[in-house]
Undergrad: 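If you scroll down you'll find the structure; I have some questions about it.
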Amino acid sequence: MKLTRREFSAGLAAGLAAPALMRSAWAQGATIKIGMCVPVTGPAAEQGLWAQNGAKLALAAVNKAGGVLGKQVELVIEDDQTTNPGIVLAFSKLAAQSDIVAFLGSIRSTQVQAMAPDVIKVGKPVMIGGTNPDLTHSGNPWLFRFRPNDNYSGRVIADFGVNTLGKKKWAIVHSTDAFGTAGGKALTEALTKLGAPPVLDQGYANQSQDFTPVVLAVKQSGADVLGTYFTFENDLGIFARQLRQLGVNIPWVGSPSVVAVSSTKLAGPALFGTYGVADFAEDSSDTAKAFGKSYRDAYKTAPDNQSAWPYDAITILSAAINKAGSTDPTKIRDAILATQKFAGAEGEYNFDKNGDGLHGYNVVKNDKGKIVYDKHIDFND
Amino acid sequence: MDLVLQLLFTGIGIGAVYALVALGFVLIFRATNVVNFAQGEFSMVAAYLMVVFSVDLGWPYWLSFLIALAGMALFGVIFNLGVYYPLRHRTYLPVIIATIGASILLSNSVLAIYGPQPQVLQGWFDTPGIQLGPVYLDSQYLLIIGVTILLVLFNFWFFEKTLLGKKLQATSQDKEMASLLGISVSTMIMITFIYSAVLGGLAGILVAPVLFVSIQMGSTIALKAFAATIIGGFGDVAGAIVGGLALGVIETFGAAYISVPYKDGFAFLVLIAFLVFRPQGIFGERVAEKA
């Protein structure tokens with residue numbers, strides 16, 4: 001047999017390409033890939049690390065139990081730089097890898113909002129932790145929330161402050177980003193319904209170095225209770241200290257950041273005695289306790305909601321893919337929405353048609369630096 | 001009135017921080033004609049050094065402070081040799097880009113070494129502050145204001161009354177002429193970098209107990225300090241101080257009386273107004289371009 005030059009070249013090319021093609025085919029089939037957009041750099045890099053810890057802990061458990069569809073699950077992490085353009089870029093990088101079956105998005109509503117149009121285009125399930133109610137109520141079928149939304153946090157803060165603490169003159173301080181604005185609005189609505197409309201609604205821009213004007217506004221408003229939606233623990237720490245320094249000692253019921261591990265450490269005694277709604281409270285259930293123990297064993301530090309929601313997201317997503325028996329996005333979506341009475345670290349998941357898994361909050365108290373579980377308030381709607 | 005006094009105190013306090021960092025900008029600009037965009041990171045690095053010595057190693061506060069400042073002096077030498085010196089014969093643009101690169105490198109290096117968790121650094125005093133009538137004076141802000149006043153006096157004495165200060169001024173005014181007069185220009189620039197690094201570090205260490213120690217603490221202050229230098233008049237030492245204090249007071253009062261969310265907006269609105277109506281700043285002289 002005589003080889004022509006063209007046949008020889010074609011054969012050579014095929015021979016050279018074959019190992020690479022085989023490797024890629026093998027790689028595609030070997031694992032189930034889940035993409036994760038998470039802040040590795042930027043102001044929320046700290047929380048990003050905890051989110052990765054939580055996700056990896058769940059991943060290890062899932063893989064130990066046999067993986068998903070008989071394969072091991074792999075996490076592909078991309079840095080969202082804690083910015084909106086950053087997460088759009090991170091998501092598009094991940095979405096370009098066609099073998100990624102589903103994604104974990106951000107805990108920050110503003111970032112979820114930024115990536116949402118691309119999520120619709122890609123058409124694959126994205127687990128989120130952002131709590132702005134609109135995220136799952138704007139007709140985007142691919143967003144699934146693993147934390148209770150701010151409709152609930154606002155209602156729980158209002159309910160606890162008005163009915164348990166008996167306070168009616170509220171000052172609300174909130175960040176002006178998507179999370180803080182929606183939270184402030186939800187709290188205002190809930191308070192108005194309870195007959196205690198706030199006497200002050202004060203926004204602030206993230207990364208402020210000084211909160212004196214805000215504290216003085218609270219002081220002058222004559223409020224007897226403070227409700228807050230802070231996005232960054234740094235800001236919260238500075239605010240808390242200045243609040244106490246300028247002599248404002250009214251009860252304080254805040255969004256989850258008030259009772260976050262980092263804020264408790266930064267603000268120290270300035271946060272003693274504050275109440276916070278927390279989607280994650282270690283003493284709230286057996287699953288939460290078990291998660292807390294394995295997290296401590298693995299990372300030698302206490303977990304909070306930053307690590308609990310990715311943990312639940314990976315666990316429920318893996319179970320859903322197994323139940324769907326396929327990586328088809330629509331089948332995964334249906335399986336997630338069908339998840340009911342699932343005990344997670346954050347609480348009991350009962351997904352509704354919008355993609356919201358949780359419908360209530362825990363109230364916890366900062367007791368001299370220790371976060372103590374108080375009660376759980378759930379809603380049926 | 002109580003409110004005004006409280007706001008004035010806080011405004012001057014935060015303004016003094018901007019002023020300290022702005023001073024670092026100005027000194028390097030005068031010596032090299034280049035804006036050092038890593039000036040904010042000088043503050044951040046010093047604050048982390050302080051955390052290492054005072055918190056992690058448990059050394060006494062004053063000792064940690066002195067060693068951190070000495071560390072910053074060494075850091076100034078390394079920064080000069082690594083970032084400025086190799087590019088000293090080029091135009092200003094490569095140097096500016098090199099400082100931006102250094103800034104990114106520094107913040108990410110600290111992130112890699114120390115992790116993203118913000119750290120707590122205790123203040124110099126055990127008492128958090130004093131109540132003077134209706135006004136609460138934060139002890140750390142009092143210290144910052146005190147140090148700023150001392151530095152203004154020191155700068156005046158150093159640059160006007162000492163031979164080294166005069167040599168530095170001569171170098172910043174005309175390098176060739178200074179060189180002809182026997183002044184070692186590269187030594188003077190080295191000294192400038194050391195002094196700026198120590199100044200930036202001092203600002204970082206002083207402000208850390210108020211703002212916490214985090215990777216991005218430097219960049220947020222530096223942005224305002226940069227605006228302060230433009231308002232004060234780029235290249236003018238007194239301008240940096242006045243610009244910094246003015247900016248602190250303006251944004252604090254703007255936030256209290258007009259809008260809190262637009263606090264940063266006021267600072268930059270003032271900056272834009274200066275760029276349009278008085279680009280040379282408060283103290284700057286109009287410099288005509290040479291034909």
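Throughout, protein chains are lettered first and strands after them, A, B, ... in sequence-line order, and every chain is numbered starting at 1.
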Undergrad: Identify which of A:Gly48, A:Gly247, A:Gly237, A:Gly268 forms the greatest number of heavy-atom pairs closer than 4.5 Å to chain B.
TA: A:Gly237

Undergrad: For the candidates A:Lys219, A:Gln220, A:Gln242, which exhibits the highest count of non-hydrogen atom pairs separated by less than 4.5 Å from chain B?
TA: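 With the most close heavy-atom pairs to chain B, the winner is A:Gln220.
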
Undergrad: Are A:Phe291 and A:Phe280 an aromatic pair by the rule of ring centers under 6.0 Å?
TA: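 Yes, the ring centres sit under 6.0 Å apart.
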
Undergrad: If you look at every heavy atom in B:Ser54 and B:Tyr61, which pair is closest and at what distance?
TA: OG-CD1, 3.8 Å

Undergrad: Looking at B:Phe212, does the NZ or CZ of A:Arg241 lie under 6.0 angstrom from its six-membered ring centre and within 45 degrees of the ring axis?
TA: no

Undergrad: Under 4.5 Å from any heavy atom of chain B, what part of A:Leu49 do you find: side chain, backbone, both or neither?
TA: side chain

Undergrad: Where does the angle between the aromatic ring planes of B:Phe226 and B:Phe25 fall among parallel (under 30°), tilted (30 to 60°) and perpendicular (over 60°)?
TA: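 Rings of B:Phe226 and B:Phe25: tilted, 30 to 60°.
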
Undergrad: Around atom CG of A:Asp297, are there more than 12 heavy atoms of other residues, nucleotides or ligands at under 6.0 Å?
TA: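 Buried by this count: over 12 neighbours within 6.0 Å.
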
Undergrad: Measuring heavy-atom distances to chain B, does A:Glu233 have an atom under 4.5 Å in its side chain, in its backbone, in both, or in neither?
TA: neither

Undergrad: Going by residue number, which parts of residues 37-46 of chain B are within reach of chain A, meaning a heavy-atom gap below 4.5 Å?
TA: none

Undergrad: Given heavy-atom pairs under 4.5 angstrom as the criterion, report whether the side chain, backbone, both or neither of A:Lys265 touches chain B.
TA: both

Undergrad: When you measure from the side chain of A:Arg147 to the backbone N and O of A:Thr131, does any donor-acceptor pair fall under 3.5 Å?
TA: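 Pair absent, no side-chain N/O of A:Arg147 close to backbone of A:Thr131.
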
Undergrad: Need one label for A:Thr41: side chain, backbone, both or neither, based on atoms under 4.5 Å from any heavy atom in chain B.
TA: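 When you check distances to chain B, atoms from both the backbone and side chain of A:Thr41 fall under 4.5 Å.
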
Undergrad: With distance as the sole test, does B:Gln140 use its side chain to make a donor-acceptor pair with the main-chain N or O of B:Leu206 at under 3.5 Å?
TA: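 Such a contact is found between B:Gln140 side chain and B:Leu206 backbone.
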
Undergrad: For A:Ser106 and A:Gln111, indicate whether the former's side chain and the latter's backbone hold a donor-acceptor pair under 3.5 Å.
TA: no

Undergrad: Between A:Asn366 (side chain only) and A:Gly369 (backbone N and O only), is there a donor and an acceptor less than 3.5 Å apart?
TA: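 Side chain of A:Asn366 to backbone of A:Gly369, a donor-acceptor pair under 3.5 Å: yes, one is there.
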
Undergrad: So which residue, A:Thr212, A:Asn206, A:Val40, A:Thr176, ends up with the most heavy-atom pairs under 4.5 Å with chain B?
TA: A:Thr212

Undergrad: Are the aromatic rings of B:Phe65 and B:Trp124 close, with centres under 6.0 Å apart?
TA: yes

Undergrad: Among residues 255-262 of chain B, which residues come closer than 4.5 Å to chain A, judged by heavy atom distances?
TA: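 Result: B:Ala255, B:Ala256, B:Val260, B:Pro261.
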
Undergrad: Between B:Glu251, B:Gln131, B:Lys224, B:Lys263, which has the largest tally of heavy atom pairs under 4.5 Å with chain A?
TA: B:Lys263

Undergrad: Have a look at A:Thr110 and tell me which of A:Asn132, A:Asp177, A:Asn84 forms a side-chain hydrogen bond (donor to acceptor under 3.5 Å, both in side chains) with it.
TA: A:Asn84

Undergrad: Which answer fits A:Gln202, side chain, backbone, both or neither, if we ask what part of it has an atom under 4.5 Å from a heavy atom of chain B?
TA: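 Side chain only.
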
Undergrad: Which bit of B:Pro209 comes within less than 4.5 Å of chain A, counting heavy atoms only: side chain, backbone, both or neither?
TA: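 Backbone of B:Pro209 only, per the 4.5 Å heavy-atom cut-off to chain A.
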
Undergrad: Pairs in or reaching into residues 250-273 of chain A: which pass ring pair (Phe, Tyr, Trp, His ring centres under 6.0 Å), with residues at least two apart or in two chains?
TA: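 Qualifying pairs, neighbours excluded: A:Phe239-A:Trp252.
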
Undergrad: Would the distance check show the side chain of B:Ser139 and the main-chain N or O of B:Thr127 forming a donor-acceptor pair, the cut-off being under 3.5 Å?
TA: yes

Undergrad: Less than 4.5 Å apart, any side-chain heavy atom of B:Ile241 and any of B:Leu23?
TA: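 Yes - at least one pair of side-chain heavy atoms lies under 4.5 Å apart.
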
Undergrad: Return yes if some donor-acceptor pair links the side-chain N/O of B:Ser64 with the main-chain N/O of B:Pro60 below 3.5 Å, else return no.
TA: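 Between the backbone of B:Pro60 and the side chain of B:Ser64 there is a qualifying donor-acceptor contact (under 3.5 Å).
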
Undergrad: Counting only non-hydrogen atoms closer than 4.5 Å, can you tell me which residues of residues 213-223 of chain B sit against chain A?
TA: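 Residues of residues 213-223 of chain B touching chain A at under 4.5 Å: B:Ser214, B:Gln216, B:Thr220, B:Ile221.
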
Undergrad: To the nearest 0.5 Å, how far apart are CZ in A:Phe232 and CD in A:Gln207?
TA: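 Between atom CZ of A:Phe232 and atom CD of A:Gln207 there are 5.0 Å.
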
Undergrad: Go through the steps to decide whether A:Gln245 and B:Asp138 satisfy the test side-chain hydrogen bond (donor to acceptor under 3.5 Å, both in side chains), and finish with yes or no.
TA: CA-CA 8 Å; A:Gln245 284 177 352; B:Asp138 185 308; 3.2 Å; yes

Undergrad: Taking C-beta and beyond as the side chain, do A:Ile172 and A:Thr228 meet within less than 4.5 Å on heavy atoms?
TA: no

